[in-house]
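Below is one structure, written out as structure tokens; the observations come after it.
Residue numbering restarts at 1 for every chain, and letters A, B, ... go by the order of the sequence lines.
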Amino acid sequence: MKYRRLKKTKDIARVLKTGKRAYAETLQMVFVPSKETAMAVCVGKKFGKSVARNRIKRLLREAFRNSAQAISPCSVLLIPKVKEEYSYQAFLRDVKKVLKKEKLLEDPLP
RNA sequence: CGAGCGGACUACGCGAUCGCGGCGCGCUUUGCGCGACGAGGAAAGUCCGGGCAUCGCAGGGCAGGACGCCUGAUAACGUCAGGUGAAGGCGACUUCAAGGAAAGUGCAACAGAAAUAAACCGCCCGCCGAGUUCCCGUUUUUCGGGACGCCCACGGGGAGAAAUUCCCGCGGCGGCAGGCAAGGGUGGAACGGCGAGGUAAGAGCUCACCGACGGAACGGUAACGCUCCGUGCCAUGUAAACCCCGUCCGAUGCAAGUUUGGAAACUUUUCACAUAGGGCUGCCCGCCCGAAAAGUUUCGUGAAUAACGCUCGAGCCCGUCGGCGACGGCGGGCGUAGAUAAAUGAUCGCGCUCGACAGAACCCGGCUUAUCGGUCCGUCUCGGAGA
RNA sequence: GGCCUUGUGGUCAAGCGGUUAAGACGGCGCCCUCUCACGGCGCAAUCCCGGGUUCGAUUCCCGGCAAGGUCA
């Protein structure tokens, strides 16, 4: 499905301030309901050099894209936790788990 | 065959599905579809150099900084190429911030006799050493008092009955006056090294060889090399200490900067008001100029934003010519990322040696650092074996 | 992305060619005391790492690494 990127500093700050938080083993999700779905990934310097940070961002975006097939519109911030290794499978599992827990999925996944 | 040396290249591959970025084309223009393209050798560190942009022009001097054998290459360089010299390696080859220490100043701990200059020990000649010594009083000498000294072994000769004493010689020891710099447990470094002659002992005092310095000829564009002659030689190290000499450098960096982001008029306040303040460079000369804030009225309203800068450039590939080479000339061909919270990923299948370091952010030329491996080249080197 | 600064015991730090690498707080051990505190004595440093210059570098030079600051 299509979603927007959450880009502006102001928007991200608003989500961080007012959003509801949900936790899983490998990541944290912050979200507020909104008109259309928007998402951002937060990966700071503590995750390593640029190659490592880009890798995390790609994995998380892919996990979000493949798990949020049908989602009630909201602004989402995905914040991973610092680990030794990162895998797509773990991110996919945890994104699904977190979305399910907060009952954001309109149609339950098969 | 083994061990090396130098150089060049490469950086998992193929297929399928879903997805991402800008571009082009098409459409029913929110968007959708199709198409080709889409990170590196270091994209990194930001250590140099240049383009580009702004500071009105980029002007002068000082300060400051960088570089430092020679010749060339280049837009330029601290880079590269070819040479010179020095050091290392059996060798192929590698490494080197490699100008000046007789312009001046500083520093050289500890050790050592002595540290940038000479004499502590030492070596040698002479003189003295059971009083031909010195001082005071008296004084012709004598005499009186005091100070210091009156060493050891051997040989020869003389006197004497002997103890002992006198003379001479040689050596040591001590003292005095000189000569010398050969030797001396140090040190990073001790007025050149080593051998011979020479000498009382010694010394470039003399000589040979090596080194140093000066001059000339020859070779080389030059650094420099080589030969000859001369000077017997005097002046340690450090300039990645200050410094001197030579060459170069205006500053700031794409968050530069340009356009839109409101414009115009009026009023008020604050600072400054000329030997002032601000700007152009840290300072001086020189040049330019008042600056900032608030309010009201009319049209206008997106604001760490949007567009430009932004990718065709000292570009890449092939051929050929010139050059030892870096590189340059000529001809032909190619169109090859331009994002802005920032694009390359996921899954499946097959193969293998099971995949390192790592992600463009204005662009180039270098340097440096990180890196699992693999491939190729060479009249290349050393060792072993065979023919 | 550009431009700068700093690395010395656990912490804050001085030193800037030859030191046994000052000092303060803290830690540990011993002494003092009936005990604690105070006091006294002692111990603990790869001078961020690797090269170079020098007889000799914490210090000078070069290259890394790690922190921090600043510019719309």
Side-chain angles (χ1 to χ4, degrees):
Chain A
M1 68 155 283
K2 291 289 164 191
Y3 63 95
R4 284 175 162 273
R5 287 282 176 77
L6 196 61
K7 288 184 176 178
K8 299 199 174 181
T9 315
K10 214 188 272 178
D11 296 337
I12 292 170
R14 198 191 67 238
V15 174
L16 276 173
K17 211 171 175 183
T18 66
K20 195 177 173 190
R21 286 163 196 262
Y23 301 92
E25 194 185 329
T26 59
L27 57 90
Q28 176 188 166
M29 185 177 75
V30 187
F31 66 98
V32 288
S34 61
K35 279 182 186 172
E36 53 186 344
T37 304
M39 188 275 278
V41 180
C42 291
V43 184
K45 277 271 174 88
K46 65 180 174 182
F47 292 88
K49 296 195 172 188
S50 54
V51 173
R53 295 199 303 272
N54 283 345
R55 173 83 186 160
I56 294 167
K57 283 188 260 180
R58 282 170 193 151
L59 292 175
L60 264 182
R61 281 198 210 109
E62 189 69 12
F64 183 78
R65 188 176 70 82
N66 285 329
S67 57
Q69 296 294 329
I71 187 173
S72 50
C74 59
S75 293
V76 177
L77 223 57
L78 292 176
I79 305 166
K81 294 181 180 174
V82 176
K83 292 276 165 88
E84 298 228 330
E85 283 188 1
Y86 305 90
S87 76
Y88 170 72
Q89 295 297 340
F91 279 140
L92 186 66
R93 190 192 63 224
D94 285 345
V95 170
K96 280 182 181 174
K97 193 166 143 192
V98 164
L99 289 174
K100 203 170 176 182
K101 195 157 94 184
E102 296 301 326
K103 294 174 179 137
L104 290 171
L105 296 176
E106 292 179 336
D107 304 319
L109 283 170

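Atom P of nucleotide B/G359 and atom CD1 of A/Ile56 are separated by 13 Å, given to the nearest angstrom. Residue A/Lys49 contributes atom NZ, which lies 17 Å from atom P of B/A42 at whole-angstrom precision. For the pair A/Arg53 CZ and B/A44 P, the computed distance is 13 Å after rounding to whole Å. Rounded to whole Å, atom C1' of B/A341 lies 11 Å from atom CG of A/Leu77. Taking atom CE of A/Met39 as the reference point, atom C1' of B/C20 lies 12 Å away to the nearest angstrom.
Using C1' as the reference atom, B/C55 and B/U281 are 11 Å apart when rounded to the nearest Å. B/G88 and B/G329 have their C1' atoms separated by 43 Å, given to the nearest Å. Between the C1' atoms of B/G129 and B/G179, the separation comes to 23 Å (whole Å). With C1' as the reference atom, B/U71 and B/C224 are 12 Å apart, rounded to whole Å. Using C1' as the reference atom, B/A251 and B/U270 are 33 Å apart when rounded to the nearest Å. Taking atom C1' on both B/G49 and B/U247, the two are 16 Å apart, rounded to the nearest angstrom. When the P atom is used for both B/U46 and C/C62, the distance is 16 Å, rounded to whole Å. Rounded to whole Å, the separation between the P atoms of B/U275 and B/C285 comes to 14 Å.
Pairing of C/C16, defined by two Watson-Crick or G-U wobble distances under 3.5 Å, is not identified with any nucleotide. Under the Watson-Crick or G-U wobble criterion, with both distances below 3.5 Å, B/C248 is paired with B/G65. Pairing for B/C52 goes to B/G253, judged as Watson-Crick or G-U wobble with the two contacts each under 3.5 Å. Taking a pair to require two hydrogen-bonding distances under 3.5 Å in either a Watson-Crick or a G-U wobble arrangement, B/G185 remains unpaired. Using Watson-Crick or G-U wobble geometry with both donor-acceptor distances under 3.5 Å, C/U54 finds no partner in any strand shown. In this structure B/A81 sits in a base pair with B/U71, meeting the Watson-Crick or G-U test at under 3.5 Å. Base-pair partner of B/A291: B/U270 (Watson-Crick or G-U wobble, both distances under 3.5 Å). For B/C243, the paired base is B/G100 (Watson-Crick or G-U wobble, both distances below 3.5 Å).
Because its glycosidic torsion is more than 90° from 0, B/U30 is reported here as anti. For B/A63, the base is anti relative to its sugar; the glycosidic angle deviates from 0 by more than 90°. Base orientation at B/G41 is syn, since its O4'-C1' glycosidic dihedral falls within 90° of 0.
The residue among A/Val51 and A/Lys57 whose nearest nucleotide of RNA chain B is located toward the 5' end is A/Lys57. With the nearest nucleotide of RNA chain B identified for both A/Asn54 and A/Ala40, A/Ala40 has the one nearer the 5' end.
Shortest non-hydrogen contact noted between A/Tyr86 and A/Leu59 is O-CD1, 4.1 Å. In terms of heavy-atom proximity, A/Val76 sits nearest to A/Cys74 at CG2-SG, 3.6 Å. Closest approach of A/Pro80 and A/Cys42 over heavy atoms only: CD-O, 3.2 Å.
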Considering only distance and modelled atom types, tabulate donor-acceptor pairs under 3.5 Å from the side chains of residues 47-58 of chain A, sequence neighbours left out.
unit_1  : atom_1 : unit_2  : atom_2 : d
A/Arg53 : NH1    : A/Gly48 : O      : 2.8

Name each donor-acceptor pair under 3.5 Å that joins a side chain in residues 19-33 of chain A to protein atoms two or more places apart or in another chain, with its distance.
unit_1  : atom_1 : unit_2   : atom_2 : d
A/Lys20 : NZ     : A/Glu102 : OE1    : 3.2
A/Arg21 : NH1    : A/Gln28  : OE1    : 2.7
A/Arg21 : NH2    : A/Leu16  : O      : 3.1
A/Thr26 : OG1    : A/Asp94  : OD2    : 2.5

Identify the pairs formed between an N or O of the protein and an N or O of nucleotides 344-350 of chain B at a distance under 3.5 Å, and give each distance.
unit_1 : atom_1 : unit_2  : atom_2 : d
B/U344 : OP2    : A/Arg58 : NE     : 3.0
B/U344 : OP2    : A/Arg58 : NH2    : 3.4
B/G345 : O3'    : A/Arg55 : NH1    : 3.0
B/G345 : N2     : A/Glu62 : OE2    : 3.1
B/A346 : OP1    : A/Arg55 : NH1    : 2.5
B/A346 : OP1    : A/Arg55 : NH2    : 2.3

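In this structure, A/Ser67 and A/Leu99 have side chains that are in contact, with non-hydrogen atoms separated by less than 4.5 Å. Within the 4.5 Å cutoff, the side chain of A/Tyr88 has heavy atoms near those of the A/Asn66 side chain.
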